[in-house]
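Quick caveat: nothing in here was measured; it's all calculated off a predicted structure. Hydrogens, waters and symmetry mates are skipped; everything else that's a heavy atom, side chains included, is used.
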Amino acid sequence: MSENRSLSFYVLGAFFSTYVLFLYGPMIAIYILSFQGPDGGLTFPMNGVSLTWFAKVFSGGGIVDIGAAFKRSLQLGLVVMVITVVLSVSAGMAFRKSFRGATVLFYTAIASLIMPSIITSLGIALEFRLLDDFMNALGIEGWTTAMGLFTSGLGAHLTWTLPFGLLIMFAIFNRFDSRLEEAARDLGATPWQTFRHVVLPIILPSVVGIGLFGFTLSWDELARSSQAIGSVNTLPLELQGLTTTVTKPDIYALGTLTSAVSFLVIFAALATILVLQARQRRHGSDAGKGML
């Protein structure tokens with residue numbers, strides 16, 4: 001029997017479809033135009049279909065060294081991911097017990113989420129420049145951290161990724177059953193064994209999610225990189241520069257490749273989370289299965 005739907009259902013459905021098209025339409029258009037023929041331009045209609053513009057990106061013969069920028073963004077994203085995971089898990093464990101100043105520290109840690117990104121980037125760059133001046137005043141020659149990829153650039157990216165990691169861990173530990181840890185301690189487990197065999201297997205899917213946040217947010221970050229990184233640009237900064245000089249679809253091909261990396265990381269993280277959740281359903285915690 002068919003279900004009679006009111007007019008509002010179709011109106012809201014049309015509105016939602018328009019919203020989705022508005023949200024993802026430009027991205028899909030770029031993906032399609034990146035496969036333009038050799039004589040194609042930046043807009044429709046398509047002038048043939050080819051991989052010409054992808055080949056130009058990989059050839060590295062453009063205005064900037066895309067390969068080097070890609071490598072720098074990948075390296076920075078991986079470092080940001082590891083640091084975000086370690087600090088978020090550590091902070092989540094620490095905040096499980098109340099201590100003086102916890103509320104102030106919490107709001108200070110997540111304050112960068114509401115600060116304008118360009119202001120945060122300028123502040124990070126100034127902070128590292130003042131640090132350089134201070135170290136040079138102490139007689140340490142050659143101390144340079146300002147406008148560096150893994151110094152001020154790394155700090156700027158962490159101001160964006162860490163708050164998300166912290167919020168995820170706080171949400172996880174707020175509903176964590178501490179009786180599991182108490183049972184492990186009653187059976188003689190050390191604090192490390194309790195964390196390794198009881199806590200970590202339970203929170204591991206969320207830890208993978210934090211790593212996903214850390215990498216993808218760093219990989220696509222532009223505003224916080226703009227004032228904190230010097231002459232060696234990341235891939236988003238190079239893309240921004242190309243928008244004013246490139247008049248061919250190779251910039252679309254580069255955007256498609258950049259998105260492909262993001263999707264690859266997302267799908268890999270989701271697959272890992274599903275595998276871990278399936279393992280937990282089959283075997284439960286690995287408490288008591290090892291002594292390390």
Side-chain angles (χ1 to χ4, degrees), residues 8-78 80-81 113 116-118 121 157 160-161 164 209 211-227 229 233-271:
S8 61
F9 172 83
Y10 295 101
V11 173
L12 291 175
F15 177 79
F16 178 74
S17 300
T18 304
Y19 167 76
V20 172
L21 181 62
F22 177 80
L23 188 64
Y24 295 105
M27 184 172 63
I28 295 173
I30 287 177
Y31 296 160
I32 295 174
L33 288 171
S34 64
F35 293 94
Q36 277 272 29
D39 299 323
L42 292 173
T43 59
F44 290 103
M46 296 283 288
N47 191 359
V49 178
S50 72
L51 298 176
T52 301
W53 307 109
F54 290 95
K56 287 184 177 296
V57 170
F58 284 114
S59 67
I63 300 174
V64 297
D65 191 347
I66 295 300
F70 183 94
K71 183 178 179 181
R72 286 192 292 267
S73 288
L74 185 62
Q75 291 174 339
L76 182 59
L78 291 174
V80 170
M81 178 185 70
L113 290 178
S117 296
I118 191 68
S121 180
H157 281 217
W160 183 231
T161 61
F164 287 101
L212 171 63
F213 265 103
F215 180 84
T216 54
L217 290 176
S218 173
W219 175 257
D220 294 328
E221 181 54 38
L222 175 63
R224 294 174 190 251
S225 303
S226 61
Q227 305 300 318
I229 296 178
N233 289 337
T234 58
L235 192 58
L237 289 173
E238 297 288 15
L239 270 171
Q240 183 190 38
L242 288 175
T243 57
T244 60
T245 57
V246 175
T247 58
K248 295 183 179 179
D250 49 356
I251 191 173
Y252 292 160
L254 181 57
T256 300
L257 292 173
T258 303
S259 298
V261 173
S262 297
F263 286 128
L264 180 64
V265 173
I266 291 172
F267 290 138
L270 291 176

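- A distance of 7.5 Å separates OG1 in T234 from CG in L76, rounded to the nearest 0.5 Å.
- Interatomic distance, S262 OG to F267 CZ, rounded to the nearest 0.5 Å: 11.0 Å.
- Applying the side-chain contact (heavy atoms from CB on, under 4.5 Å) test to A223 and every residue at least two apart in sequence or in another chain returns S117, E221.
- Atoms CG and CG, from L74 and L235 in turn, are 10.0 Å apart once rounded to the nearest 0.5 Å.
- Under the side-chain contact (heavy atoms from CB on, under 4.5 Å) criterion, V20 pairs with F16, Y24, sequence neighbours left out.
- Partners of F213 by ring-ring contact (aromatic ring centres under 6.0 Å, His included), not counting sequence neighbours, listed by chain and number: F164.
- Minimum interatomic distance between S218 and T161 (heavy atoms only, all atoms of both residues): N-CG2, 4.3 Å.
- Residues passing the side chain to side chain donor-acceptor pair (under 3.5 Å) test with T18: none are found, sequence neighbours excluded.
- With sequence neighbours left out, W53 forms a ring-ring contact (aromatic ring centres under 6.0 Å, His included) with no residue at all.
- Judged as a side chain to side chain donor-acceptor pair (under 3.5 Å), and not counting sequence neighbours, S226 has no contacts.
- Listed by chain and residue number, nothing satisfies the side-chain contact (heavy atoms from CB on, under 4.5 Å) test with L21 (two or more places apart in sequence, or in another chain).
- Contact of the F70 side chain with the V261 side chain is registered, since non-hydrogen atoms from C-beta on lie closer than 4.5 Å.
- S225 meets the side chain to side chain donor-acceptor pair (under 3.5 Å) test with H157; sequence neighbours excluded.
- Remark: S8 pairs with S6 by the side chain to side chain donor-acceptor pair (under 3.5 Å) rule, at least two apart or across chains.
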Side-chain donor-acceptor distances from residues 27-38 under 3.5 Å, at least two apart:
from, atom 1, to, atom 2, distance (Å)
Y31, OH, S259, OG, 2.9
S34, OG, Y31, O, 2.6
S34, OG, T256, OG1, 3.1
Q36, OE1, N47, N, 2.7
Q36, NE2, G41, O, 3.2
Q36, NE2, T43, O, 3.2

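- A donor-acceptor pair under 3.5 Å links the side-chain atoms of T216 to the main chain of L212, judged by distance alone.
- The structure places CZ of F215 at 9.0 Å from CG of D220, a figure rounded to the nearest 0.5 Å.
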